[in-house]
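Reviewing the structure listed below.
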Amino acid sequence: MLEKKYNHRNVEQEKYETWKKKGLFQSGDQTKIPFTIVIPPPNVTGRLHLGHAWDTALQDIIIRYKRMSGFDALWLPGMDHAGIATQAKVDKKLKEEGINPRSLKREEWLKKAWEWKEEYANTIYNQWGKLGLSLDYNKERFTLDEGLSNAVRKVFVDLYHEGLIYRGERIINWDPLAMTALSNEEVIYKDIEGALYHIKYFIKNKNEYLEVATTRPETLFGDTAVAVNPKDERYQKYIGQSVILPLVNKEIPIVGDIHADPEFGTGVVKITPAHDPNDYEVGMRHNLSRIIVMHPNGTMNENAGIYEGLDRFECRKQVIQDLKKQNLLIKIENIMHSVGHSERTDVLVEPYLSKQWFVKMRPLANAVLENQKNKETKVNFLPSRYEKIMNHWMEITYDWCISRQLWWGHRIPAWYKGDEIYVGMDAPLEEGWVQDEDVLDTWFSSALWPFSTLGWPELTEDLKRYYPTNVLVTGYDIIPFWVNRMTFQGLHFTNQRPFEYCMIHGLIRDSKGRKMSKSLGNGVDPMDVIDTYGADALRYYLATSTALGTDLRYEEEKVKSTWNFINKIWNASRFVLMNRKIDTEIKLEHLNDSDKWILTHYENTIKNVCKFMDRYEFQNVGTLLYHFIWDDFCDSYIEMAKFSIEEEHTKNTLLFVLIGILKMLHPFMPYVTDEIYHEIKQEEITTSDYPEYEKKLIFKTEEEKITDMLEFIRIFRNIKQENNMGKEFFVSIETHLPDIALKLLKIEDKIAIKKEITNYAVVYKELKATIYYEKEQTKEDQILKEKQLNALKSSIERRKKLLSNENYVKKAPTHLVEEEKKKLLEEQEKLANLQGKDKNEWKEN
RNA sequence: GGGCGUUUAGCUCAGUUGGUUAGAGCAUCUGCCUUACAAGCAGAGGGUCUGCGGUUCGAGUCCGUAAACGCCCACCA
């Protein structure tokens with residue numbers, strides 16, 4: 001028997017290990033149709049946050065539903081090595097231990113990194129377990145494991161030979177703290193306060209100067225020209241002449257280039273080809289030399305002369321001071337401008353000329369755009385608007401910088417010998433080749449995740465069976481990093497979309513709508529929530545509280561009320577089990593009206609729940625189940641069942657419906673449903689069959705009868721309560737009322753013959769009764785009655801008007817018109833009835 | 001500059017292809033310890049669905065327009 005109180009800790013304890021031992025999450029039943037989800041591999045950088053809990057809860061709900069619906073469900077787990085993020089954490093830890101991470105040999109450092117990985121992977125296993133995720137651990141992968149590394153090399157080598165990967169010197173985004181190149185996606189633009197420094201660049205041999213405005217004066221050591229717009233009448237005459245670069249006293253040309261916008265600043269722009277992407281282009285057009293002025297760590301190099309060694313921002317201060325001294329600084333204009341920051345380290349990104357590896361994006365992106373036009377083969381986004389995000393990215397994307405100056409990652413399979421380059425799966429056999437020191441962007445391997453995890457490039461049984469995957473679940477913030485890249489790599493290498501559907505959820509915010517972040521300290525640890533309310537409550541809350549694709553404000557109150565809901569289920573189950581006839585099969589026979597009523601509601605619930613489950617609209621599922629369980633099953637049916645609890649049909653109906661409820665709830669609340677289900681059956685609910693809609697359990701007539709009766713009861717109670725009746729009243733029943741109504745209303749001993757005292761009519765459809773109440777009617781009572789009458793009258797008026805509208809009668813669906821007519825008649829009768837009573841009263845008074 | 005989203009009860013959110021008098025949770029008010037549950041039961045109050053215009057017999061829902069808030073992308077000397 002279930003414990004008296006629902007205790008989530010007791011319920012959830014140790015269950016997960018049992019499930020795993022029993023192999024409930026294993027895929028592979030060849031007799032079934034496969035259904036696959038690959039988990040978005042969490043980074044091995046730390047603990048899972050609420051966003052992970054949400055993301056994985058959604059996936060677990062889908063996979064459990066599919067498993068119960070007869071699919072060979074595979075939910076493939078795994079983790080991501082998370083190159084730059086993990087390396088930063090490992091370095092930080094080493095520094096805390098007093099070790100300079102760069103003083104270690106690569107192999108030594110990697111050993112430390114693997115130790116870190118093991119530790120954090122264990123944390124994540126633990127958290128997955130707490131969340132109750134039905135992952136098939138037999139298929140688990142890690143982005144750095146051998147198979148996946150092989151897939152990464154294969155992709156690199158193939159793209160290289162197809163001309164879609166190349167090595168070149170370009171302006172890239174440089175992170176001076178992590179000392180690595182970044183992709184565009186890893187740069188976060190933030191509006192910060194800055195300044196536009198207006199500097200005099202004197203024209204050679206003249207006492208004239210051009211006013212150059214720049215936000216980064218420290219880069220002037222790399223200036224190799226100044227540019228003006230060739231159409232700018234102010235400066236045309238200077239094109240071809242030279243200016244003297246301040247502080248450096250070097251002569252550099254004045255060029256005419258459309259990049260200079262006459263409207264912006266002074267219309268004169270300094271050109272620093274090695275430190276700005278636009279300047280790089282200008283430099284190419286005018287054949288300018290490229291001077292790098294910084295070391296990789298953001299300090300100035302030898303090209304900065306006396307400023308060598310200074311940090312870039314320190315140098316900026318010095319340069320400004322020195323320009324001021326030489327009277328070369330015209331003014332400092334404070335501006336707000338957006339500046340790129342490194343996603344991981346948050347330092348200002350430095351545009352930097354550097355030799356890196358790139359993926360040539362245009363052909364790959366075009367293939368995606370083409371494929372999205374084909375309804376049969378495209379990736380379907382849920383909600384569909386997110387497709388535009390991907391398509392837009394595909395339209396504007398440019399080459400992807402994939403090399404990273406890190407140790408933690410897939411080493412680039414390129415070897416150099418002098419000027420020769422060799423790219424291949426393995427090192428060349430001859431001596432003298434040196435492998436590229438760099439590793440690949442972590443997203444390069446994640447981009448292959450849906451197929452590399454299934455054994456690609458080998459054509460394995462798993463790949464054939466489970467690929468393409470059915471649905472990918474992730475947040476909208478990950479679309480550019482991951483979804484887009486999986487899509488083009490999947491198309492290119494497997495000729496198929498990597499997933500049929502891409503289900504997008506939002507971000508978790510705090511109750512004030514702010515992003516959860518470490519700096520704000522408003523983060524919520526899902527493990528704390530689980531400890532307080534249980535994983536079941538958290539999962540149900542996360543999955544059902546918001547529509548697909550929109551953000552979620554975390555509110556503890558709501559988790560708490562979900563806990564109450566589970567407690568309700570727990571208690572209802574206790575009631576059913578207490579009254580259970582042991583060891584009998586459930587046979588739905590000799591049903592009474594209320595049995596038929598709940599069965600009808602139950603079947604309709606199944607039908608609608610399945611509809612919404614299939615569309616992944618869990619919010620709607622939540623609403624349906626909540627209403628059905630709490631209102632219909634608990635508050636209505638169980639209350640009715642109490643009057644026939646000794647009868648077999650009642651016991652059977654209770655148990656039958658409870659089983660279905662547990663099954664429908666199971667994907668959302670695996671723990672508590674498992675616990676209760678085991679009290680009923682020996683089998684596992686996880687692998688049991690999902691309820692199916694059965695039309696033969698729909699009883700329209702009885703359903704209507706009980707629904708009307710319940711509504712009648714509600715009206716009756718309302719009148720009693722509104723008039724503060726207490727127990728001093730009598731009732732005359734004027735039409736047939738089911739016995740159960742008398743029982744529910746507790747009026748079996750109050751039936752009386754008509755009395756000429758204060759009375760109230762209770763009318764609903766065919767059901768009528770009059771309550772006699774031995775109390776003088778007060779003014780308030782009369783006002784109340786008047787109010788009721790007026791509401792009724794206006795409703796009748798509304799219906800009359802509607803029905804007299806020819807267009808409505810002609811064009812609206814017939815059943816609606818009929819319904820209107822019926823309601824009108826009912827209300828008119830009710831009005832007549834009420835007014836009749838009123839007349840009596842007024843005669844009395 | 002381009003695009004997207006949101007705006008519904010005090011708060012957080014639902015609202016299917018347009019169809020009675022717009023729903024839920026929490027909060028509020030009233031009455032109840034009724035033997036599954038007081039973390040509960042029974043009942044109630046609370047909304048000009050952001051504004052304006054249009055289509056329609058009928059608009060929270062479709063179209064146009066404006067505003068507020070938020071997000072994404074691009075540019076930024």
Side-chain angles (χ1 to χ4, degrees), chain A residues 2 4-6 184 189 194 196-198 212-216 219 226-227 259-261 264-272 276 278-279 335-339 383 385-386 388-389 392-393 395-396 476-477 479-480 506-507 509 511 513 544-547 549-555 557-558 560-579 608 611-612 615 617 619-620 622-623 626-627 630 634-635 638-639 642 713-715 717-722 724-726 746 791 794-795 798-799 802 805-813 815-817 819-820 823:
Chain A
L2 297 175
K4 183 121 201 252
K5 293 251 167 193
Y6 167 56
N184 296 334
Y189 284 88
L196 207 46
Y197 301 92
H198 294 249
V212 172
T214 178
T215 52
R216 295 192 298 157
T219 62
V226 296
H259 168 60
D261 177 3
F264 191 94
T266 60
V268 184
V269 55
K270 70 196 224 12
I271 301 299
T272 323
D276 183 281
N278 290 312
D279 292 6
I335 54 162
M336 285 296 282
H337 61 158
S338 83
V339 179
R385 63 172 184 274
Y386 285 106
K388 281 187 231 163
I389 307 278
H392 181 242
W393 189 89
E395 277 157 17
I396 62 156
Y476 59 70
D477 54 327
I479 294 172
L507 301 178
R509 299 175 175 280
S511 58
T544 64
S545 291
T546 191
T550 55
D551 290 352
L552 172 66
R553 288 188 191 208
Y554 177 79
E555 277 176 294
E557 278 304 307
K558 282 201 167 187
K560 198 175 167 186
S561 80
T562 305
W563 191 98
N564 289 352
F565 177 44
I566 300 174
N567 185 49
K568 187 77 183 174
I569 296 159
W570 182 265
N571 281 300
S573 304
R574 279 188 66 233
F575 177 80
V576 174
L577 294 173
M578 278 164 67
N579 294 294
N608 290 319
K611 185 176 87 187
F612 290 126
R615 296 190 205 158
E617 290 178 21
Q619 163 115 33
N620 293 331
T623 309
Y626 190 95
H627 172 251
W630 203 308
C634 294
D635 289 346
I638 288 183
E639 290 311 314
K642 282 175 181 171
I713 289 171
R714 194 187 63 76
I715 294 168
R717 284 169 174 162
N718 178 5
I719 292 170
K720 249 188 78 188
Q721 168 104 6
E722 292 279 301
N724 256 321
M725 281 184 197
K746 294 176 186 157
S794 72
S795 178
R798 197 190 56 80
R799 284 189 216 280
L802 192 60
N805 183 333
E806 267 182 52
N807 274 320
Y808 172 75
V809 178
K810 232 189 297 177
K811 291 181 184 172
H815 73 273
L816 286 174
V817 179
E819 193 78 355
E820 275 302 315
K823 290 256 167 78

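Since the model is a prediction, treat every value here as computed from it, not as a measurement. Lettering follows sequence order; numbering is per chain, from 1.
Of all nucleotides listed (rG19(B), rC71(B), rU20(B)), rU20(B) comes nearest to the side chain of E819(A). Of all nucleotides listed (rU12(B), rC26(B), rC37(B)), rU12(B) comes nearest to the side chain of K558(A). Of the candidate nucleotides rA14(B), rA36(B), rC75(B), rA14(B) has the atom nearest to the side chain of T623(A). Nearest nucleotide to the S338(A) side chain, out of rC75(B), rC71(B), rU34(B): rC75(B). The listed nucleotides are rC26(B), rU16(B), rC41(B); the one nearest the side chain of K568(A) is rC41(B).
Looking only at side-chain heavy atoms (C-beta outward), E820(A) and R798(A) come within less than 4.5 Å of each other. Using a 4.5 Å heavy-atom threshold, the side chains of I479(A) and Y386(A) count as touching. Using a 4.5 Å cut-off on side-chain heavy atoms (C-beta onward), D279(A) and H259(A) make contact.
As the counterpart of rU65(B), rG51(B) is assigned, both hydrogen-bonding distances of the Watson-Crick or G-U wobble pattern falling under 3.5 Å. In this entry rC29(B) has rG43(B) as its Watson-Crick or G-U wobble partner, both defining distances falling under 3.5 Å. With a 3.5 Å ceiling on both atom-pair distances, the Watson-Crick or G-U wobble partner of rG19(B) is rC57(B). The nucleotide rG1(B) finds its pairing partner in rC73(B), both defining distances of the Watson-Crick or G-U wobble pair being shorter than 3.5 Å.
Within the nucleic acid shown, K823(A) comes within 4.0 Å of at least one base atom, counting heavy atoms only. As judged by a 4.0 angstrom heavy-atom cut-off over every strand, L816(A) is placed among the base-contacting residues. Counting non-hydrogen atoms under 4.0 angstrom, K4(A) reaches the backbone sugars and phosphates but no base.
For the C1' atom pair drawn from rU17(B) and rA59(B), the interatomic distance equals 14 Å after rounding to whole Å. Annotation: rC73(B) and rU55(B) have their C1' atoms spaced 34 Å apart (nearest Å). Atom C1' of rU56(B) sits at a distance of 50 Å from the matching atom of rC37(B), rounded to the whole Å. A gap of 10 Å separates the P atoms of rU6(B) and rC62(B), to the nearest Å. Look at the P atom in both rG18(B) and rU61(B): the space between them is 11 Å, to the nearest Å. Taking atom P on both nucleotides, rG53(B) is separated from rG31(B) by 46 Å, rounded to a whole Å. rU50(B) and rG5(B) are spaced 16 Å apart, taking the P atom of each and rounding to whole Å. For the C1' atoms, the distance from rU7(B) to rU20(B) is 27 Å, rounded to whole Å.
Contact annotation: N620(A) side-chain N/O to rA14(B) OP1/OP2 distance is not under 4.0 Å. Between T544(A) and rA24(B), a side-chain N or O to OP1/OP2 separation shorter than 4.0 Å is absent. Proximity of K388(A) to the phosphate of rC73(B): no side-chain N or O atom is located under 4.0 Å from OP1 or OP2. T546(A) has a side-chain polar atom (N or O) that falls below the 4.0 Å cut-off from OP1 or OP2 of rA14(B).
In summary, of the residues considered (V268(A), T266(A), V212(A)), a side chain to side chain contact (heavy atoms under 4.5 Å, CB included) with H198(A) occurs for T266(A) alone.
Nearest-nucleotide mapping onto RNA chain B: of Y476(A) and R615(A), the residue sitting toward the 5' end is R615(A).
Classification of the F565(A)-Y626(A) ring pair by plane angle, with boundaries at 30° and 60°, yields tilted.
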Provide a list of protein-nucleic acid N or O atom pairs under 3.5 angstrom, restricted to nucleotides 55-57 of chain B.
| unit_1 | atom_1 | unit_2 | atom_2 | d |
| --- | --- | --- | --- | --- |
| rC57(B) | OP1 | K811(A) | NZ | 2.3 |
| rC57(B) | O2' | N805(A) | ND2 | 2.8 |

Just the table, please: protein N/O against nucleotides 42-44 of chain B N/O, every pair under 3.5 Å.
| unit_1 | atom_1 | unit_2 | atom_2 | d |
| --- | --- | --- | --- | --- |
| rA42(B) | O3' | R717(A) | NH1 | 3.3 |
| rA44(B) | OP1 | R714(A) | NH1 | 2.7 |

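A260(A) and G267(A) make their closest contact through CB-O, 3.9 Å (heavy atoms, listed as atom of the first residue, atom of the second, distance).
Between the side chain of N571(A) and the backbone N or O of N567(A) there is at least one donor-acceptor pair closer than 3.5 Å.
Residue R799(A) places a side-chain atom within donor-acceptor reach of the base of rU21(B), judged by atom type and a 3.5 Å distance cut-off alone.
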